[in-house]
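Only one structure is covered here, and it is reproduced in the block below.
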Amino acid sequence: MREVLMLIVVLLPMFTGILTPMLSFRSRKAMCIYLETAVCVNSLLVFWLLFHAPDKTLTVFRFTHDLSITLGLDGMGAVYGGLVAFLWPLALLYGFEYMEGEEKEKSFFLFYVATYGVTLGVALSENILTMYFFFEMLSLVTLPLVMYTRTREAVLASRTYLYYMLGGAAFAFIGMIFVLVYGTTSSFVPGGVLDLVNVHEKKDTLLAVYVLCFCGFSVKTALWPFSSWLPKAGVAPTPVTALLHGVAVVNTGAFAVMRVTYFSFGTKLLRGTWAQYLVMGLAVFTIVYGCSRAVKETHFKRRLAWSTVGNLSYILFGVTLMTPMGMAGALTHLVCHSFMKSCSFLCAGAVIHKTGKNYIYQLDGLGRKMPKVFACFGVSALALTGVPGLCGFVSKWYLAEGAVDSGEPLALAGTAALMISALLTAVYMLSILVRVFFPKKGFDPAEIEEVREPGWRMLVPLGVLAVCILCLGLYSEPLVRMLKEIADF
Amino acid sequence: MAFVQNFPFLSILLSLFSGPLCSILSGKWAKRVNTGVIVTTGVMSAFVLQHVISTGQSYVYQMGHFPAPWGNEIRVGILEAFMACFFCAVMLLCMLGGIREREEQIQESKQNLYYVMVNLLLCSLLALIYTNDLFTAYVFVEINTISACGLIMIRQTGRTYEAAARYMIMSLSGSGLLLLGICYLYAVTGHLLMSNIREQVQFLAQTGQHHLSLMVALGLMSVGLAMKSALYPFHTWLPDAYGYSTLSSSAILSSLVSKGYIFLLIKIFCRVVGFNVVNESKVVNVLFVFGIIGMIMGSLSAIKENNLTRMIAYSSVAQIGYIYMGLGLATEAGIVAGLYHVLSHGATKALLFVAASGLGDASGNSDRFADITGAGLRNKLAGTAFLAGSLSMVGLPMFSGFISKFFFAQAAVGHAHKMFPTVIALALSTILNAVYFMKTVIRIYTPAPEGSVGGRQIGVWEQPAKSAALVCLILLNLILGLNSDPIVRLIQRGFEMFD
Amino acid sequence: MDAFLLIPIVLPMFFGALLLFFSFREKNTAPGGRRERARLCLYVSAVLGISVALALAAAWSGDRELVLFTLFEGVPVYFHVDALGRLFVTVVSLIWVLSALFAFVYMKHEGKEKRYYGFYLILYGVLVALDFSGNLVTMYLFYELTTLVSMPLVLHNGTREAVMAALKYLFYSMCGAYGGLFSVFFLYRYSDSLNFAPGGTLNQAAAQGHEGILLIAVFAALVGFGAKAGMVPLHAWLPTAHPVAPSPASAVLSGVIVKSGVLAVVRVVFYVAGTDFLQGTWVQYVWMTLALLTVFMGSMLAYREQIFKKRLAYSTVSQVSYIMFGLSLLTPDAFTGALLHVVVHAVVKCGLFLTAGVFVYRFGYTRAEELGGIGKKMPKTMWCYLLLSLTLVGIPPTGGFVSKWYLAEGALQSGTGVFSWLGPVVLLVSALLTAGYLLPIAMKGFFPGSEHLQGLEEPHGIEEPGEGAQAHSSRKALGPELSPAMLVPLVVLAALAVWLGVFPGPVSEYAARIATAVF
């Protein structure tokens, strides 16, 4: 029975979404209540499922005798699923206020809620095909959200978005085929499924394929040189940017990379090979690259997007360490970064929503007018910078610990890259904070006289996220212990 | 001998004679006859399929019970019957989808001629599938060419004349080469029946005699059929021919006619020459290379195109490239993947052509990109269908394209040297497919700019035949995508029967 | 568990935050009336007084320790008072009180006083916590907070220049902090614990074979934490940031905040990595080179600089690297000298910046050449300045002489080859340069020569025209002498500087005790 619930949590949001344009609501409020209820119920189901994990898997249907869509729940999936289930209701609540007054909001919420199901699908995938399937689905369901405004810019951005996504999937596909052909099973098995004895003479081939597959899945995490879609996709409404391009889509990429690295190819095959160094090098480079681009960027959301590029590569860096500690670090950052980045994105969205200001140089002195928003933004900014006591430091700590522990020279360089990136993060985040709280001399407060704080539907998610950042930063032990257990197999 | 064993021959005969019959009927009646013929042949093929599956053996049908070399033989196995069945189904849907276009674009007085051509085409396709005799194959190849030309030029615009002329020239050069090849083979082996030739070729190959002649024959036949099926670089006739002819014609031409030739080529490889000989000859390598180039070049040309139907036509070039790539792998898995792609591409391409015309309907009968902006919103069903077709082309799991891509990749992995080129080409081509198909999808779902003219809303029930065809083709796609196991097993069993 | 430690940390932070909150709610940013200011001063002095008393009480009543909570497995937020922390906390408290006293008057003309005092109070709490930190991660936490909280003091006047300077300060410090953090990761891996213990906690067995990377890590920490202490190569922020802050803020920045860099270096080198590990390695030599380079370069630049506060800032660069050099020698005597110099320099530099504040406040003078003849106007201030300058140069019997003596002695005994004689030479040259850039001001101040006499009658306008007129008029209203709130800190500091030289015993013995513990 419990395994059927897995299917339900995947399908429920999709149906909720599809029903939205079909139902006629008496008022906008009714629609909001309907959506929020459905999403909350789904999240509750997910949480229930996490604590009562089904011991069996559920095969939904079979493409061919060895290709099937199968759902299952293991530790890693539970972490990701739980994270998504926690964030979605919050972001949706925020979305109600943000999208107020928009014409096509029904179609927006359709896809927004449906994406929830797809993302859960990724988390609950039991084999590589299922993951690939939801991975591709995710690109497609989020597409309408990117091109929501239907402006020329949005259309161009959505094209780029889709090309990158599907292109990435095409390379990931190669990896999948090899896993299916050379693996003993298509399911995810901790430690990998390749038959190491038999594939020995094909090792280099497999490593090359791993690199392709890694790059393919990493397109979603905006690994360099596949990163330019992410800032462009910032044309989407902020709830989308915050949750999808700050969390769901990019994390799905990272999650998929973790799956193929630890559960399909297996670290035994990869550790110490040129493939590991290559992908680690890419990750390390992207860490610095993303942050540098963020420093250069003056558009608020695009700056955050570049920051995401850098931060997601932290996760990839942890993954490419190919040690349990590295993976624990990667998982920690996956969780922490989701909180931090969605919080900062939502703050940016609140600012844009209330003031219409998109560029950082326009933000002078807004801290006085929107103290709550910018307080939350400050928390997330400091967390991203890695101030101890906030959750960014925790994940950085474990990542660095994993890197130091692995002892690889490149990993040590990676640690240095983490530090450089932290500095750059300080540059691009704190300069915003300084600007909003300490306006320069000659600044005229009358210009922003009209600016008000957003309503509770925006503030509550912000507050919750900021509190989470703080709590996780101060008391991370249970989470980290759990993640370490998951990573240690 | 069971009565059902006569069905292949009967269906060829039926379609052959219904052609002349149509020429004396009015357009309306010709249409009915034509539909009836397609349905009947389809049903008959289904019975045959059921028969061969149950017996588990192929059989040879001698016309008039004259043994070779005087008589003519057809050979029926699972694969043949299944292909015939599939071709009939797709053809029926193509005809169904293009009813309105035919009425509008073909002169009243020439309506019946169209059905003559279609019936002859069907007949030739069936013959190509079933025949066990190389010369018969050649004859029907020619019939096929002529009827296809007719299908193209019946729209009677300047462009279609030109396209038909080009097609005719390319196609006839192809047939010429094929004929030359057959002549060589006949000269070397002294036979025309496939099974006989094969014995002789195997013997020659073992003794090492006439090596060069055999290779030349093989090369000539391959190139000839490649020309006819528009393998890159012989594809130049294709975009015009598919892009400008009436809907049913382009759909049928792209999804069936070229596939008939490919099926013939596979038969020549497996049943006439024998796989071992083909493998030695390196012809497959050439096909492989051109297949891959075609995959890439076709897509690149499609990206540059700014006309929807022509874009889909160029995409056919790429898809034909896939199939040749599968053949070029020269393994059983590769050929099975190729055959599966014949099915999946047939279903998808027909779907895309019909959907494109639906989108055109909603945009003032224009298929230029500038005009179809927002067409998916005006004609919801066509939009959905185009989306489904595109997703299949891009290879989303659930759709047929994914499965054939999957088989190609799986076949490639087993191959030592061609593995990397194949998988990389697959990935690149997927990206390119995504570029032009998804670009179009985005365009048709972007609302038209203010003040644009020519667009109108089209409901599902406005053109029931087209809607039905679209729905059926989507379903066909989904079936091929979701339930591929039994079909692949059929293909595999059929392929084993080839020997 | 000893929650008493927490009070002097949390108390100023809380009340500071409260003040900030009120300043934030305030619609009107114009300076308030006399009454309001009096209330504010009372509030600040009450909070600061209680906090300082509690901090000193906590510091000087035994080795208290407190585990607040666990940040990571085995890494708690942990406070522990030890001899070094005691010394630093005392210096910080002293400077803080005096500078606050000065600020009560001075900040009148800067405006946004609530914000200033808010951060000022919070910063005190943070610094106390930094000094009380018992392990590296806790220290790192408060080190970062020091940067973040002191940054608003730098950008206080809100000009573009100030904001840019503050950002520069922020990013250099953070850059340094991340260098430190980099080393924390390695030290965590290769040491028994991150808790400070005199002599180091390095796990020899675990570190075996990883010396190379560990040395790199320690070096990263040196350079990183050295940033805050203005050591080459990350020194460039200091001459930019210190002068733009209001003078009392510059005084604490230069006097105390730079010392947090020193403290961090001491903690890493002497309390975690251990001197044995570094003795004779390339890290030590590079460190010494950098320190000497900074000493010399800072003095040279100060000598060439004409803007008074900037000159003092360069002087800080140079003087703090005296301390760094003392530490880098890794001998007990030099270590003692370094600690002594921490105290001396804190007192002197605070005093000097306050003097500079006086000049700015009274006359709007910012350039050194404007100060001719000023001794006639303000003899008391100028005498204080003279005494402080002499101390910094190191003329006996002032505090500077004692600390430099120890430093030179330590260098000569250190057995570090060329450095054992090069070090004292550089120190001497730098002392001469120090005399060269500080004393002429005093001389010109008292003996301006005839051409300056006229110029003194009317004060020059200050650089910003908008503020000029208003500041001008307010200055005229003041009497010829300084108000006691400004003078007292100066006098106390000058007296302390001299007293440290005349009776160096208690402090130097205390420092020597620490030195014997860590070696």
Side-chain angles (χ1 to χ4, degrees), chain A residues 295 325 332 364-365 367-368 371 375 378 381-382 385-390 393-394 396-407 409 412 415-431 433-435 437-443 445 473-477 480-481 484, chain C residues 21 24-27 29 68-73 75 77 112 115 137-138 140-145 147-148 151-152 155-164 166-167 170-190 209-210 213 216-217 220 224 464 466:
Chain A
V295 172
M325 277 178 90
T332 321
D364 271 348
R368 196 171 287 274
L382 291 177
T385 333
V387 172
L390 299 171
F393 183 70
V394 177
K396 217 168 273 181
W397 176 270
Y398 284 108
L399 277 175
E401 209 187 304
V404 171
D405 195 64
S406 79
L412 302 183
T415 319
L418 284 186
M419 296 297 103
I420 294 171
S421 137
L423 174 69
L424 294 173
T425 312
V427 173
Y428 64 73
M429 290 307 261
L430 299 188
S431 58
L433 273 189
V434 169
R435 189 179 282 278
F437 280 115
F438 305 107
K440 296 210 176 92
K441 214 163 203 171
F443 154 77
L474 292 177
Y475 189 60
S476 56
E477 260 198 286
V480 172
R481 202 178 313 120
K484 275 192 172 162
Chain C
F21 181 71
F24 202 76
R25 295 286 295 273
E26 223 166 42
K27 287 256 157 30
T29 50
L68 201 55
F69 59 88
T70 311
L71 206 54
F72 311 115
E73 232 171 303
V75 183
V77 172
K112 293 183 222 149
R115 194 175 90 188
V137 174
T138 316
Y140 174 77
L141 162 65
F142 288 103
Y143 186 86
E144 284 253 37
L145 286 181
T147 310
L148 290 173
M151 180 205 55
L155 56 68
H156 187 83
N157 71 19
T159 56
R160 188 180 157 70
E161 191 196 358
V163 173
M164 292 323 280
L167 288 178
L170 183 66
F171 299 147
Y172 269 81
S173 288
M174 288 228 142
C175 178
Y178 291 126
L181 184 60
F182 181 75
S183 78
V184 171
F185 297 138
F186 289 91
L187 292 172
Y188 177 70
R189 176 75 175 72
Y190 296 118
H210 297 282
I213 187 67
I216 293 177
E464 297 127 63

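None of these values were measured; they are calculated from a predicted model. Residue numbering restarts at 1 for every chain, and letters A, B, ... go by the order of the sequence lines.
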### Query
Which bit of C:R160 comes within less than 4.5 Å of chain A, counting heavy atoms only: side chain, backbone, both or neither?
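For C:R160, heavy atoms of backbone and side chain both lie under 4.5 Å from chain A.
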### Which portion of C:V75 sits near chain A, non-hydrogen atoms under 4.5 angstrom
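When you check distances to chain A, only side chain atoms of C:V75 fall under 4.5 Å.
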### Query
Pick from A:W397, A:Y475, A:F437: which one has the most heavy-atom pairs with chain C under 4.5 Å?
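It is A:W397.
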#### Entry: Option that, when pairs with chain C are counted at under 4.5 Å, heavy atom only, ranks first among A:L424, A:V480, A:L430
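Going by pairs under 4.5 Å, I would pick A:L430.
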### Query
Do the ring centers of A:F393 and C:Y140 come within less than 6.0 Å of each other?
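Between A:F393 and C:Y140, the centre distance is under 6.0 Å.
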#### Entry: C:Y178 ring center within less than 6.0 Å of C:F182 ring center
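No, too far apart.
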Below 4.5 Å from any heavy atom of chain C, which atoms of [X] appear? Answer side chain, backbone, both or neither.
| X | answer |
| --- | --- |
| A:P371 | both |
| A:L382 | side chain |
| A:A416 | both |

### Task
Using a 4.5 Å cut-off on heavy atoms from C-beta on, say whether the side chain of A:L412 contacts that of C:I216.
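Side chain of C:I216 against side chain of A:L412, heavy atoms only: no contact under 4.5 Å found.
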### Query
Do A:L474 and C:F69 come within less than 4.5 Å of each other through their side chains, counting heavy atoms only?
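Answer yes - side chains close enough.
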### Query
Can you check side chain to side chain contact (heavy atoms under 4.5 Å, CB included) on C:H210 and C:F186, steps first, answer last?
CA-CA 10 Å; C:H210 297 282; C:F186 289 91; over 6 Å; no
### Task
Please step through side chain to side chain contact (heavy atoms under 4.5 Å, CB included) for the pair C:L155 and C:L167, ending with a clear verdict.
CA-CA 8 Å; C:L155 56 68; C:L167 288 178; over 6 Å; no
